[in-house]
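Quick notes on the structure that follows.
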Amino acid sequence: MPDPLTALGRMQTLWAPRASQTARSEIAKFIASLGGSVVDYRSFHAWSASDLEGFWGSLWDYARIIGNRGDETVRRDPSGDPGLTVFFPKARLNVAENLLRGPGDRIAACFASASGVHTTLDVSALRAQAARVCDGLVRSGVGPGDVVVSTLRNGPERLIAYLACLARGAVWAQIPGNVAPDIAAKMIAGIGGKILFADASDTALLSATTGQGTPLSCAVVVGECVSGHPDRLVRRWSSFDASGAELKFHRIAFNDPAVILFEDPAGVPDAITHSAGGLLITHIKEHRLHGDVKRGDIVLSMNIDDPRLWLWQVSTIASGAAAAFLDGGPSVDFPVLQRTAEKLQATHLMLDPVMVDRPRRAAVRACETRLPDTVRALFLTDETPDATLFDWIYAEVADDIMLCAMPGSSRFLANYFAGSPLHPVRRGEHSALALGMALYVLDDCGRPVVARTGDLVCCEAFPTMPKGTPFGGHGAMSGVLPIGRKARITCYGSGVLSPAGQDGASPLQQQHIRQNTKRSDCAPVAMPAARV
């Protein structure tokens, strides 16, 4: 009988980091700052998933998060229920303040189009523009905790409005672009939206949201002003004119809401609230430690409209990188991406696999798909790595690049598996379990399994557990947090998948596993084998 690891192609390494790359990586520096070495990722991951105080507290310090951390890192519920764990219960911070840190001339955002038009914004420009809009929000009665809704397309105005909203301490909600106007109006009413930012061309949406009984104070439109709507509710973007206004950052509690995302499991979008601190510290972990995003890097995405992924990219600014957006529409070709990445000297790309797969299916010449040497990492916005696509990327797109899929969801915000500058890339596999995530594959009886199919669950708390519905309506799910809904996963290796003490399961994790002998409510996730 063949070895199942070999049968799955686990020995087919497509890329491996050089020793110099590993030594210079952010994760190696972080581990070194704790007195460790990079030779044993499995033990390091097990520590990160079980010693919540040690890992998340150390990450706050290493990232130099701006804010008041407080004297308590993790507050556990006496029942041991991870769903009731509170991170940094006394901390206060502001996400926008952490994004707009550093020197004013640091490039923070770039916007490019298929026609070659580029708009570049440094920290000073973003601060000035956000201050203008934030002043308009204050004059419109928006205070901390109020909900600001956006249906803006990806562009500078959306980013500026987002920064202004968070600077004020308000809650940001981005309505996905494929939602019908009447559904969008119901979503806005359901979350109590106070201000709407919309494109002036969205006349149907504006009609649906500015009618009688709307909770909105006003709708701010970008572009030519729309007629036929109540003047008291519709304002021009240009009317937010407060030249010279200083951007003030209102710090809120770590666990106060900052963003609302929407999930559509059954045709009716559910609003899912995420905390300010959870969003910030989780994204910093994924960018710096897993993505090896460094100060001065350029993270370029193309046609990214998913609000979760948009937030993920914007947060790269907190790591000293620039978030670059290429909006070319669905028909844009790969050479446009090539030219843009070369012009911007992009170091990281985030792409829909369809965009990468299109030239492969069209048998485009390699010279038309080769990425510039500056690109060190490629993130695919897909939960399931495609082995043949991995093969093609390394053969025709880039042969010295860290490649990873980005499995995650609006419900949990965090990625379950991630890239790693310490791990090789093997065809069709995820590189590493995400740090700080106590992930197990459990069978139908709630027992951890190795080399078998089961449900992926997280047996410890993490900072981006949702703060509002629908998570709260599910209770604690008997101490086990489900990760997804689509399919089961087979995970190979021992590592943290075994409850044995040396493999990293804490006594609390083992208790959760023993207690959960039947979990009909634990949702599985669509991902293939993960190497640990």
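All heavy atoms count here, side chains included; hydrogens, waters and symmetry mates do not. Every value quoted in this text rests on a predicted model; they were computed, and no experiment measured them.
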Practice prompt. Give the minimum heavy-atom separation between Thr73 and Leu52, together with the two atoms involved.
Written response: CG2-O, 4.4 Å

Worksheet item: Is Lys285 reaching over with its side chain to a backbone N or O of Leu59, donor-acceptor style, under 3.5 angstrom?
Response: no

Item to complete: To the nearest 0.5 angstrom, please state how far the OH atom of Tyr62 sits from the CZ atom of Phe30.
Response: 8.0 Å

Worksheet item: Could you walk me through whether Leu34 and Trp47 pass the side-chain contact (heavy atoms from CB on, under 4.5 Å) check?
Response: CA-CA 12 Å; Leu34 303 174; Trp47 168 76; 3.7 Å; yes

Worksheet, complete the sentence: What one should report as the nearest heavy-atom pair of Arg251 and Asn68 is NH1-N, 4.1 Å

Worksheet item: Is there a side-chain contact between Leu93 and Phe254 (heavy atoms, below 4.5 Å)?
Response: yes

Discussion item. For the backbone of Lys294 and the side chain of Asp297, can you confirm whether one donor and one acceptor N or O come within less than 3.5 Å of each other?
Written reply: yes

Worksheet item: Going by heavy atoms in the side chains, are Leu159 and Leu126 under 4.5 Å from each other?
Response: yes

Practice prompt. State whether the side chain of Ser124 and the backbone N or O of Gly104 hold a donor-acceptor pair below 3.5 Å, judged by distance alone.
Written response: yes

Worksheet item: For Pro463 and Thr282, which heavy atoms make the closest approach, and how far apart are they?
Response: CB-OG1, 4.1 Å

Worksheet item: With a cut-off of 6.0 Å (strictly less than), are more than 12 heavy atoms of other residues, nucleotides or ligands near CD of Glu342?
Response: no

Practice prompt. Would you indicate whether the side-chain heavy atoms of Thr119 and Cys110 approach each other to under 4.5 Å?
Written response: no

Item to complete: Apply side chain to side chain donor-acceptor pair (under 3.5 Å) to Gln174 and Tyr162, showing your working.
Response: CA-CA 9 Å; Gln174 178 71 40; Tyr162 172 70; over 6 Å; no

Discussion item. Any heavy-atom pair between the side chains of Asp105 and Val123 that's under 4.5 Å?
Written reply: no

Discussion item. So Leu205 and Ile175, do their side chains get closer than 4.5 Å, heavy atoms only?
Written reply: no

Worksheet item: From Asp135 CG over to Arg168 CZ, what is the distance, rounded to the nearest 0.5 angstrom?
Response: 10.0 Å

Fill in: Over all atoms of both residues, closest heavy-atom pair of Thr464 and Leu279
CG2-N, 4.1 Å

Worksheet item: Is the backbone of Asp199 close enough, under 3.5 Å, to the side chain of Arg153 for a donor and an acceptor to pair up by distance?
Response: no

Worksheet entry | Contact summary for Ala96 and Leu163, nearest pair of heavy atoms | CB-O, 3.6 Å

Worksheet item: Hey, are the side chains of Ile284 and Ile65 touching, using non-hydrogen atoms and a 4.5 Å cut-off?
Response: yes

Fill in: Polar side-chain atom of Arg106 near backbone of Ala321 as donor-acceptor pair, under 3.5 Å
yes

Item to complete: State yes or no: are the ring centers of Phe412 and Phe462 separated by less than 6.0 Å?
Response: yes

Worksheet item: Ignoring hydrogens and geometry, is there a side-chain-to-backbone donor-acceptor pair from Glu286 to Asn415 under 3.5 Å?
Response: yes

Worksheet item: How long is the gap from CG on Leu349 to OG on Ser301, to the nearest 0.5 Å?
Response: 9.5 Å

Discussion item. A cation-pi test, strictly: NZ or CZ of Arg158 under 6.0 Å from the centre of the six-membered ring of Trp310 and no more than 45 degrees from its axis. Yes or no?
Written reply: yes

Discussion item. Using a 3.5 Å distance criterion without hydrogens, assess whether the side chain of Glu396 forms a donor-acceptor pair with backbone atoms of Ile393.
Written reply: no

Discussion item. Assess the residue pair Trp60 and Phe88 against the criterion (ring-ring contact (aromatic ring centres under 6.0 Å, His included)); give the C-alpha distance rounded to whole Å, side-chain angles, the decisive distance to 0.1 Å, and a yes or no.
Written reply: CA-CA 10 Å; Trp60 177 299; Phe88 299 99; 5.0 Å; yes

Worksheet item: Is a donor on one side and an acceptor on the other found under 3.5 Å between the side chain of Asp292 and the backbone of Ser25?
Response: no

Worksheet item: For the atom pair OG1 (Thr316) and CG (Leu311), what is the distance rounded to the nearest 0.5 Å?
Response: 11.5 Å

Fill in: Stepwise side-chain contact (heavy atoms from CB on, under 4.5 Å) test for Glu157 and Trp237
CA-CA 9 Å; Glu157 291 83 5; Trp237 172 266; 3.8 Å; yes

Worksheet entry | Centroid separation Tyr41 to His423 less than 6.0 Å | yes

Worksheet item: Ala28 and Thr22: which non-hydrogen atoms are nearest, and at how many Å?
Response: CB-O, 3.1 Å

Discussion item. Just to verify, which of His287, His348, His274, His290 counts as forming a ring pair (Phe, Tyr, Trp, His ring centres under 6.0 Å) with Trp312?
Written reply: His287

Discussion item. Let's go through Ile27 and Leu435 carefully: what are the C-alpha distance in whole Å and the side-chain angles of both, what is the deciding distance for side-chain contact (heavy atoms from CB on, under 4.5 Å) to 0.1 Å, and is it a yes or a no?
Written reply: CA-CA 10 Å; Ile27 190 172; Leu435 293 168; 3.9 Å; yes

Practice prompt. Can you measure from CD1 (Ile160) to CZ (Phe197) and round to the nearest 0.5 angstrom?
Written response: 10.5 Å

Discussion item. Taking the side chain as everything from C-beta on, heavy atoms only, tell me whether Gln21 gets closer than 4.5 Å to Arg18.
Written reply: yes

Worksheet item: Are the side chains of Leu247 and Leu100 in touch, meaning some heavy atoms are under 4.5 Å apart?
Response: yes

Fill in: Expected output: side-chain Thr374 to main-chain Ala346 donor-acceptor under 3.5 Å
yes

Worksheet item: Where the side chain of Ser420 meets the backbone of Leu422, is there a donor-acceptor pair that is under 3.5 Å apart?
Response: yes

Discussion item. Does Leu403 form a side-chain contact (heavy atoms from CB on, under 4.5 Å) with Leu14? I'd like the steps, not just the answer.
Written reply: CA-CA 10 Å; Leu403 175 64; Leu14 300 176; 5.9 Å; no

Fill in: Interatomic distance, Glu26 atom CD to Arg295 atom CZ [nearest 0.5 angstrom]
9.0 Å

Worksheet item: Do Arg370 and Asp399 pass the salt bridge (Lys or Arg N to Asp or Glu O under 4.0 Å) test, and can you show the C-alpha distance, the side-chain angles, and the key distance before you say yes or no?
Response: CA-CA 9 Å; Arg370 209 72 187 170; Asp399 53 15; 3.3 Å; yes

Item to complete: Given salt bridge (Lys or Arg N to Asp or Glu O under 4.0 Å), test Asp400 with Arg376 step by step and report yes or no.
Response: CA-CA 7 Å; Asp400 186 14; Arg376 307 195 312 267; over 6 Å; no

